[in-house]
Each structure stands twice: as structure tokens, then as C-alpha cells.
Amino acid sequence: MAESENDTKNQQLQKLRTELQKHLEKPLVKGDAWFLVDNHWFKQLKKYVGMEGAMFDSGGGEFGEESANPGPVDNKPMFKEDGSDIREHMIDELDYVLVPEEAWVLLDDKFGISEGQEAVKRKVVEHGMFVKHCKVEVYYIEFQLAENSNLEETKKKKFSKSDTLEQIQNVMREEFSIATEADTRLWNKYTSNTYEQLSRLDNTVQDAGLFSGQLIIIEIKNDDGTWPRQARSTGSLGTNGSTSPIPAPPPQPLGGSSSFDKKEGSPVGAGASTSSVGSSRYNFSGTSATYGDGGLSDKAQPGICGLSNLGNTCFMNSIIQGLSNTPEITEYFDNDNYIEDINEDNPLGMKGEIAKSFGQLVKDMWSGKFTYVVPRAFKMAVGRFAPQFSGYQQQDSQELLTFLLDGLHEDLNRVKQKPYVEMTDSDGKADSEVAMEAWDNYKKRNDSVILDIFHGLLKSTVVCPECPKVSVTFDPTCYLSLPLPVKKERQVEVFLGFLDPLKPPTQFKVTAPKNGTMGDLCIALGKLANVPGDNLVVTDVYNHRFHKIYTSKDQLSHILERDDIFVYETDNSDTNNVTVPVYLREKKNSSSYAPSNLFGQPLLCSLPQSSTSSQLYDALLQRMARYVSRPAQEDDWWRPPLKRPESGNGDDYSMKQGKGSSETEPGKASTGETPDDDMLSKEEEPVGPLKMFSLHLVNSYGNAQIEPI
């Protein structure tokens, strides 16, 4: 009968595993819903259903065993302490696992979700302009929302990259209680003194190039038909809200007037004095508007110009500053020499857009008009052709430099038609001759200012192992990657639990070999703490239980920076001793699916194999001597505390209590002077002495009781 039930259960688990694996192979499709699941819980699930790779994961139990059952989906580790939102900077397949909606429905139906928790649902969004690729948007973008009449009062709201500006406007109407019939328009503020009208409401957050923390302003039209915040300019970013990296020349201002008041950048009617658009606070002036909307200043100097941060784009700003301060690059772009070299027909290039946007950026930085500029158009141009840089998150500077130099080279390649060039062998010729021939062949297909400044040749020598032939080639290169020195040691923070129960756990920062084992860690810790290293056991404690108990041969690389590592000193003096893991549990008063909660830190106790339950109780009580005081033999500690009378003088009550009991016997009832209501009848009086705690065998997760001891 039992075997039949096990077979049925195994068949159900195999079916669950097959369906789950099928769903997990689903490709990402724009607009689909995916769900976040805590990685620790998912690892235990893989072990329970016997999925591929589960044998390498930590946790208790084996395939089909009830002790391996992960229980309800528990996403609590993914959330902040206050439970308001998921933690920042989590890593896919390290902190969480993404599953499609079909897989989530399957898991929810089979295991349910922990009490008080909700599913973490996210959408698939599309990245890139030309090369499209899909990603699950784990983190939403947070904006600050404000009404134009009160910019000091802001409200924070999170939106998806796939949300449109119209959806943001509708949310803002509701947040600021704006009447349905009122006309509104949106502005965004992306530097301290730069605003942009967002007029294309069908654009998504990603299309509009908005970034986290940006201030979005909603403006309500006046009753007389005018706007409180009159348009500073209708050119470029001021009206179209597009992400084109090369702004078009500005059209005529609203109302046919070309006159602007430049003191505060406010437009004025016809008849006002005319002045330079470049000095406007909004600075949407022709092709340089996208960069020249920074800090106009009479004290600005050519080249001493900062770059405004667009989200986490310091990686990009550092590369721009480095290239713009290369004298040859500065002279080439600042003097407009690049214009005649732009190759819009090169199939390997980017239609000249990278060269144009970078050239304009360099010109603005060296114009001597600005203390800082905003490299927004350049950022959007890069995002069009390299989708990995289209967001506002931190990226790798070297990867951007590689893309930028390649892009500039192809956009500025003077060779319009690349000829076919046949590679020749060295045939024993001198290196100088072979190198010159290789360089001439390379320049037949490639000729740009980037090549003149940055490109070179690397010598490569190949020796045939079968014959004495040696082949020497010179390969073109633009960057030379040098390895950084690798540390051979690492520091691990651990807590050491001493064998002496009266010694408190102590934190140590241990230096051990980076490619070493747990045994190496124990030896190093033993020297620091003056304890035998052979008696130490390394564990990973998670959520009041042992997530993993390591052996001395396990690799140190299994320990991650965020792991809570506890090392326990054990007693190996007697070969008959065994080391037992002990969890601390408390009963729940409220009704829930779990009758008890784990608390505190687990213990590793060394005990004789022949210990009785009474000896085990005494040994554990001694092990917890720092936390639990052993009661005296004459103490009636199990009795409930005496009830304090609701009325009467407190001092008189204390005196009466003192007559009937001594300081060493606080639990005993007093003689005749204690009120009769506080006396227990024989039926109510508890029988003692009682044990301070009970012992039970549980599974490795501590959530399933096997049997009492």
C-alpha cells in the first residue's frame, strides 16, 4: 500500500517536473508577464521534483522525500525589511529566479504562497531601436511628480519602461485631482535648469529617454487659454519629445513670433527685444541645443566642462572626457574636419549619426560657453545602435569605448568602396617588411582619423608542432587588454561559536587562500581564535537554520559575500561523540499553516552516541547556559505567576507576599494572607517539575516534525 502511494506521488512529481521544465523554456515575448521567485526556495523545489542540476544545490532532502518539500513559495528574502518593495541590486539566478506566468500558476496551485505575501509580477519589455531584444523589467523607474503651481510638493511613483506618457499624465491627473475637462501638458526636468516638453504622449518611458529620479511636471491651461509655463522654444526637444540624436533645426516659435525674453527664458509677445537663443534658460537652439542646455557662464573656459549625469551614466561620461581631452581628437572635431569624412553609406557604420552627435558634443565642451553640458543626444544615439547601452543603468566603460571607437572609425572611414585584399604569408621575410605589407593591406580597406590615432599591429607567431614551419603575421588592433593582478587570498567574515557555552559568539575576519578549502579556513581561524582548527565546522546559516554544513574538503568559493557564515567548535576528543545540529523553535499563538517558528541561531553540539533523552536535555541546557538559567531544585518555576489584586494598596500587598515566601522561593504561594482568588485548587494546580523545553526530530528545514524524542 505504502509503495503504491509512493509510486503515485513520484508520478505526480515527474509530471510536475516535465510541465515546469517545458514552461521554463518559454522565450521572452514583449508584453508577457513573468514572476520573481526567491532563489533559495526554487533550489529546494528543484531538489524535491528532481530537476536537472538539483544535485549541485544545497538544502535538505532528496527527490520525492517530504523533508525536501519546499512548502509554500516564500519570497520574503527578496524584500526589504519593511516589506515595502523588493531589495535593490539583486542578481538574476543568485537572489531570484524568473518564471513565466504558466509556471507561476503551476507552482501557486501546487504549493501556494506564504501567508501575507503577494506574487511579484513583472512585464517583458523591448530594448533597442534597430536591434530588438527582450528583457524582464525587474525594477521599475521611479519619478518625482509635481504640479506646475507647486513644484516644491512632489510625489514619488514608479512606472514601467513600457508605460506611455499618456498613462503617466492620467496618473498625475488623479494624484493632483485635476478636472477631466482641463487641458494639461507634461514637462520633464533633467538638469537643475533644463526642462523639456513631453508632447508625444504615445511615446513610452523608454522612447522618451526618461531616467529614474527625474521630475515630471504637469501644467494646467489657464482659463484665458494661455499656459502658465509658456513654451521656451518650439525647436528640437522642446516640442517633439523624440529620441532623435541629431536635433532638427528649430521651427518658427509659437504664434509666429521670434522674440524671446531671456532673463528667465520666458517667451514674450511681438515687439519684445530680440536676443540670442543660446542664452535661454531652456536653450533649445538649433543642433547644439541638446548639449548646450547645461551651465551657461561668462567664466566658462574651453575644455573645462563637466557632463551632467543621466541616471547612472558616469561610465559614459568618463570615456567622453578621456576622448575629448585627446588633443588630436579635439582638434579634428572642434574644427569641423570630421564633416567631410562622414561616410553615411558604410554598411558597417551607423549612417554617420555617432560621428555627428559626438562631434557636436566635443564642440560644445570646447566652445568656452558652458561649465557643463548634457550629453543626452549622444546617449540616445548610442542606445539606437547598441541596445545594451539604451537604459540608464551602470555599464562597463571598456565595452562602451570599444563600441565608440569602432563606430567612429566606420562612420568616418574615408574608403567608400572596400577592395578585396588577399592575405599573404611571411615566407621568411623580415618582420619590418611583413608588418609594412600588413599595414598597407589594412589601410586599403580602412582609413580614418581613429585609425591614424588609435590603431596598430600585434605580432603573432605560430610554430607547427609537426614540422619546422613558422608563420608570422601582424594583426590590426585598436585596444590592448592587460590583465589586472589577481589576489590569491580573500577575506571571509565569520562568527565563531566556542565549545565553552559561557563564551559569546565572536566575529572574525579571516584571510584564507582564494582557491582554498573549508579546511584552510578552519586552520586560519583556529590560529586567530587560539582553538584547534581540526575541531571547527563551517556552516551557512539562513533564516535561523543550517542552509549548508560544509565538509573540510569543500571549496571556499562556495561562500558568497552575502552569506552568513557560522563556524562551530566541536569536541573530537572522544571517537564515540557525534555532532548534532539543533534548531530553536517556539510555538505560535496565532493560527497559521505552520504551528511553530524558528528563532535565534542554530547550534552544533557534540554528544556521546549513547546519550539518553535526559542526558541530551541536560547537555543542551548546559550548551545554552548563556541564554537560559538552570532553575534551582527547590524552585517551583512552572507555577503561573500570582495575580495582582485589581484594588488595594500596592505596598501592603508586597508586605503580605513577603510574609508567605522567601526571595529564593518566589513561585510558592504565601500562607493564609494571600487572597483566596489566587489560590489554586488541586485540580488546577500544575504538576512539576516540568522540563523547560521539549525535544523533537525535524527535517533539515525545521518546518516538518518527524517524531518527539
Side-chain angles (χ1 to χ4, degrees), residues 30 88 122-129 135-148 151 154-176 184-219 229 231-232 236-245 247 282-284 289-291 293-294 307-317 357 373-384 386-395:
K30 181 181 178 181
E88 299 290 340
R122 294 294 186 265
K123 283 185 178 181
V124 178
V125 296
E126 204 169 45
H127 286 252
M129 292 287 183
K135 289 177 64 177
V136 178
E137 187 181 20
V138 176
Y139 292 103
Y140 290 148
I141 300 177
E142 184 177 74
F143 298 126
Q144 298 185 67
L145 310 180
E147 203 273 316
N148 186 61
L151 296 180
T154 61
K155 299 182 179 181
K156 292 183 178 180
K157 285 286 181 180
K158 291 188 175 183
F159 295 91
S160 168
K161 291 179 181 177
S162 60
D163 289 340
T164 62
L165 299 181
E166 185 176 9
Q167 290 174 301
I168 295 179
Q169 182 174 248
N170 294 336
V171 171
M172 295 182 71
R173 280 177 170 271
E174 184 177 344
E175 288 291 327
F176 296 105
T184 60
R185 62 182 183 180
L186 297 182
W187 296 79
N188 78 321
K189 177 180 179 181
Y190 59 91
T191 65
S192 59
N193 60 355
T194 308
Y195 297 81
E196 170 190 359
Q197 184 184 342
L198 303 172
S199 57
R200 291 189 57 179
L201 298 182
D202 58 331
N203 270 0
T204 64
V205 170
Q206 180 176 341
D207 293 338
L210 303 179
F211 54 87
S212 181
Q214 213 163 9
L215 176 64
I216 310 296
I217 302 168
I218 188 167
E219 181 186 17
R229 179 186 293 271
R232 268 55 177 181
S236 178
L237 297 173
T239 58
N240 57 26
S242 72
T243 58
S244 174
Y282 282 71
N283 291 312
F284 296 121
T290 313
Y291 303 118
D293 52 9
L307 293 169
S308 182
N309 203 9
L310 304 175
N312 296 322
T313 56
C314 52
F315 75 96
M316 178 186 75
N317 293 351
S357 58
V373 295
V374 184
R376 194 165 187 269
F378 175 75
K379 174 72 176 63
M380 302 309 296
V382 170
R384 282 173 174 267
Q388 65 269 31
F389 302 116
S390 61
Y392 292 93
Q393 298 303 314
Q394 186 65 264
Q395 302 288 346

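It should be emphasised that the depicted structure is a prediction, and the values quoted were computed from it without experimental measurement.
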Query raised in the report: If you round to the nearest 0.5 Å, how far is CE of M172 from CD of E147?
Result: 8.5 Å

Requested in this report: Heavy atoms only: give me the nearest N317-S308 pair and the separation to one decimal.
Outcome: ND2-O, 3.5 Å

Query raised in the report: Got a second to check how far S357's OG is from K379's NZ, nearest 0.5 Å?
Result: 12.0 Å

Query raised in the report: Considering residues at least two apart in sequence or located in another chain, which fulfil the salt bridge (Lys or Arg N to Asp or Glu O under 4.0 Å) criterion with K30?
Result: E126

Report task. Could you tell me whether E219 and R185 make a salt bridge, using a distance below 4.0 angstrom between a side-chain N and a carboxylate O? Result -> yes

Query raised in the report: Going from CD on Q214 to CD1 on I141, what distance comes out if it is rounded to the nearest 0.5 angstrom?
Result: 9.5 Å

Requested in this report: Please examine the side chains of V373 and L307, heavy atoms only from C-beta on, and report whether any two atoms are closer than 4.5 Å.
Outcome: yes

Report task. Mind checking the CE-CZ spacing from M316 to F389? Nearest 0.5 Å is all I need. Result -> 11.0 Å

Report task. Report yes or no: does E174 contribute a side-chain atom to a donor-acceptor pair with the main-chain N or O of V171 at less than 3.5 Å? Result -> no

Query - Heavy-atom closest pair, residues G213 and Q144 - result: O-NE2, 3.3 Å

Query raised in the report: For K158, which residues count as a salt bridge (Lys or Arg N to Asp or Glu O under 4.0 Å) partner, sequence neighbours excluded?
Result: D85

Query raised in the report: How far does CG of L186 sit from CD of E166, to the nearest 0.5 angstrom?
Result: 10.0 Å

Query raised in the report: Mind checking whether I216 and L210 have side chains closer than 4.5 Å, heavy atoms only?
Result: yes

Report task. For residues L165 and L201, determine if any side-chain heavy atom of one lies less than 4.5 Å from a side-chain heavy atom of the other. Result -> yes

Query raised in the report: Which value, rounded to the nearest 0.5 Å, describes the distance between L145 atom CG and L215 atom CG?
Result: 8.0 Å

Requested in this report: Mind running side-chain contact (heavy atoms from CB on, under 4.5 Å) on N203 and L198 for me, showing each step along the way?
Outcome: CA-CA 9 Å; N203 270 0; L198 303 172; over 6 Å; no

Query raised in the report: If every non-hydrogen atom of T204 is compared with every non-hydrogen atom of S162, which pair is closest and at what distance?
Result: CG2-O, 3.7 Å

Report task. For E175, enumerate each residue passing the salt bridge (Lys or Arg N to Asp or Glu O under 4.0 Å) test, keeping only those at least two apart in sequence or located in another chain. Result -> K155, K157

**Report entry** Side-chain H-bond candidate by donor/acceptor type, T184 with Q169, under 3.5 Å
**Finding:** yes

